[in-house]
Amino acid sequence: MPQPTQNSAHRISRRAVLRGAGVTVALPWLPSLTAFADTPSAATFPKRFAVLFMGNGINEDYWSAEGSGPEMKLSKTLSVMEPLKHKINVIDGLFNKAATGQGIHPAQTGSLLSGAHIQKGAIIHSGVSVDQTIAGAIGQDTAQSSIVLACEQPMTGYHETNFSMAYSSHISWQTPDSPVPVELYPSLAFDSLFENRGSLRNMSILDRVKDRAETLSRKVSSSDKTKLDEYLTSVREVEKRVDGMRKTKDQADDQAKLRNRPAFTMERPANGLPEDLRDHVRLMCDIIAIAFQTDRTRVASLLQARDLSALYYPFLDVKEGHHAASHNNSSEGYERIARFHLSQFAYLAAKLDSMPEGDGTVLDHSCLMYLSNMWIGRKHDNGRLPVVLAGGLGGTLQTGRSLNYLDAGEANRKMCSLYLSIMDRMGIKLDRFGDADTRLERL
């Protein structure tokens with residue numbers, strides 16, 4: 001098991017919390033809260049890791065990157081990363097060998113973040129995923145060890161390959177026998193983030209800490225006051241959007257009681273989930289951004305569209321559901337689906353990059369990873385996986401590159417080697433993870 005990292009008490013702490021009635025509002029890093037002669041280095045700040053997942057692959061005709069630095073060329077789907085291409089790595093050719101040759105869909109997803117061999121039949125068994133391995137090592141330093149979010153409810157039952165649909169519905173596993181339950185509802189994720197509870201749950205969290213915020217504002221520097229105002233304004237904007245979804249969820253819960261079933265088992269939007277996926281995924285990204293900015297957690301995952309996804313995209317002029325569209329993944333419609341999901345990753349990366357932290361940004365101290373469980377949906381080919389990283393992990397990860405491992409040989413293109421390399425940079429040293437005992441070369 002990974003060893004815990006150095007206790008956060010030895011790190012610079014220039015954060016504060018505002019407490020009100022039944023609520024805790026954590027604040028971002030504010031330099032003037034503690035007097036230091038010099039701006040701390042990037043290595044001083046906590047490192048964060050997040051995974052964003054879209055099932056069923058991409059349109060391979062429009063997914064490519066060439067070169068490095070300012071000259072790096074991004075394909076049509078990857079073009080949404082253009083404004084941040086100096087802070088990303090596009091990685092091609094990696095794969096998870098344990099997920100090949102075991103059948104389609106669940107077997108291609110259940111160990112994506114662990115490299116374990118999964119088990120058929122009634123008893124599920126995979127491996128602890130890389131995000132939860134990281135959370136196990138550094139989660140004691142934050143209020144929440146990790147946040148695990150999803151924009152689509154899990155499936156039940158079994159696939160025709162006799163693998164449980166749980167493998168298709170989860171990417172984050174806390175033990176080999178148990179995936180982490182996903183949070184589907186933005187209002188509940190928001191409430192958890194701010195410890196919003198009790199009878200005042202429907203009242204504005206900012207109204208409940210207004211006096212404390214005003215007092216703090218008078219004590220910090222003018223630049224920190226501006227930063228504090230910007231942060232509270234962004235929280236207010238998110239809160240307003242959450243409030244509308246909270247009302248919808250409450251109505252769904254009332255209807256579910258009449259039907260004697262849990263709300264999340266009903267079809268969207270009767271289940272209280274946002275009808276427009278754009279609103280849903282964007283709000284989940286905002287919640288991850290706030291969680292990272294305020295150091296409430298340093299580990300997150302967001303399942304934007306699960307394997308065998310049933311999501312629809314009328315706003316993209318695509319008539320088929322996600323899974324059906326992936327069987328014609330070389331179509332223009334499916335390219336739009338892949339580009340939409342990557343654009344949400346780009347949105348989160350840009351949001352973190354707009355948050356100053358020391359002499360860099362929150363993105364500079366993070367690693368965001370975007371990936372899918374296969375390359376070509378119509379062939380169910382997962383012999384290579386689409387991967388994009390964003391952020392430099394406190395200066396430990398070089399960015400602005402396209403890295404191709406397709407011809408490096410199986411032993412040198414393991415996803416788990418990438419995971420070992422990322423964990424190394426987060427201070428978590430393991431001899432082996434999944435099927436890998438070596439780090440990814442050239443990273």
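The analysis underlying the following values was restricted to heavy atoms, covering all of them including side chains, and did not include hydrogens, waters or symmetry mates.
Inspection of the Arg336 and Thr77 side chains reveals no N or O donor paired with an N or O acceptor under 3.5 Å. Side chains of Ser111 and Asn96: a donor on one and an acceptor on the other come within 3.5 Å. Between the side chains of Asp131 and Ser172, at least one donor-acceptor pair of N or O atoms lies under 3.5 Å. For the 3.5 Å distance criterion, the side chains of His105 and Asp307 qualify, holding a donor opposite an acceptor. Remark: the Asn329 side chain and the Glu60 side chain contain an N/O donor-acceptor pair separated by less than 3.5 Å. A donor and an acceptor atom, one from each side chain of Glu357 and His365, are located under 3.5 Å apart. In summary, the side chains of Arg339 and Asn59 do not present any donor paired with an acceptor at a separation below 3.5 Å, with no hydrogens or angles considered.
By the salt bridge (Lys or Arg N to Asp or Glu O under 4.0 Å) test, Lys85 is found to be paired with Glu82, residues two or more places apart in sequence or in another chain being considered. Looking at residues two or more places apart in sequence or on another chain, you find no salt bridge (Lys or Arg N to Asp or Glu O under 4.0 Å) involving Arg413. Remark: Arg19 engages Thr24 in a side-chain hydrogen bond (donor to acceptor under 3.5 Å, both in side chains) (not counting sequence neighbours). The salt bridge (Lys or Arg N to Asp or Glu O under 4.0 Å) test applied to Asp229 returns Lys225, not counting sequence neighbours. Applying the salt bridge (Lys or Arg N to Asp or Glu O under 4.0 Å) criterion to Glu332, with sequence neighbours excluded, gives Lys76. For His322, the ring-ring contact (aromatic ring centres under 6.0 Å, His included) partners at least two apart in sequence or on another chain are Tyr313, Tyr334, His341. For His117, there are no ring-ring contact (aromatic ring centres under 6.0 Å, His included) partners two or more places apart in sequence or in a different chain. Looking at residues two or more places apart in sequence or on another chain, you find no side-chain hydrogen bond (donor to acceptor under 3.5 Å, both in side chains) involving Glu267. Legend: residues meeting side-chain contact (heavy atoms from CB on, under 4.5 Å) with Ala150, ordered by chain and number and at least two apart, are Val182, Leu184, Leu303.
Looking at Thr233 and Glu230, their side chains never come closer than 4.5 Å, going by heavy atoms from C-beta outward. Counting heavy atoms from C-beta on, the side chains of Gln102 and Ile118 never come closer than 4.5 Å. Using a 4.5 Å cut-off on side-chain heavy atoms (C-beta onward), Leu371 and Met415 make contact.
Applying the salt bridge (charged side-chain N to carboxylate O under 4.0 Å, His left out) test to every pair with at least one member in residues 166-192, sequence neighbours left out, gives these pairs: Asp191-Arg201, Asp191-Arg246. Applying the salt bridge (charged side-chain N to carboxylate O under 4.0 Å, His left out) test to residues at least two apart or on different chains, the pairs with a partner in residues 146-161 are Glu152-Arg306. For residues 397-406, the side-chain hydrogen bond (donor to acceptor under 3.5 Å, both in side chains) pairs, not counting sequence neighbours, are Asn89-Arg401.
Taking a cutoff of 4.0 Å between a charged side-chain nitrogen and a carboxylate oxygen, Glu239 and Arg236 qualify as a salt bridge. With salt bridges taken as basic N to acidic carboxylate O contacts below 4.0 Å, one links Arg298 and Asp295. For Asp254 and Arg259, the salt-bridge test fails: no basic side-chain N is under 4.0 Å from an acidic carboxylate O. Salt bridge annotation for Arg241-Asp279: absent, with no cationic side-chain nitrogen under 4.0 angstrom from a carboxylate oxygen.
Taking CG of Leu113 as the reference point, atom NE2 of His170 lies at 13.0 Å (rounded to 0.5 Å). How far CG of Leu385 is from CZ of Phe95: 9.0 Å, rounded to the nearest 0.5 Å. Interatomic distance, OG of Ser187 versus CG of Asp250, reported as 7.0 Å (0.5 Å rounding). How far SG of Cys151 is from CG of Leu311: 8.0 Å, rounded to the nearest 0.5 Å. Put simply, CG on Leu308 and CD1 on Ile104 are 7.5 Å apart, with the number rounded to the nearest 0.5 Å. In this structure, NZ on Lys351 lies 4.5 Å from CG on Asp286, to the nearest 0.5 angstrom.
With Ser192 contributing its side chain and Leu188 its backbone, the two residues share no donor-acceptor pair below 3.5 Å. In this structure, Glu335 contributes its side chain and Ser331 its backbone to no donor-acceptor pair below 3.5 Å. In this structure a side-chain-to-backbone donor-acceptor pair under 3.5 Å is missing from Arg425 to Leu420.
By the 6.0 Å contact criterion, OH on Tyr312 is open, its count of non-hydrogen atoms from other residues, nucleotides or ligands being 12 or less. Within a 6.0 Å radius of NZ in Lys249, more than 12 heavy atoms belonging to other residues, nucleotides or ligands are found. For Leu258, the CG atom sits in a packed shell: over 12 heavy atoms of surrounding residues, nucleotides or ligands are nearer than 6.0 Å.
For Phe190 and Tyr185, the distance between ring centers is not under 6.0 angstrom. Between Trp29 and Tyr231, the ring centre distance reaches or exceeds 6.0 Å.
Between Leu363 and the options Ile88, Leu368, Leu348, a side-chain contact (heavy atoms from CB on, under 4.5 Å) holds for only Leu368.
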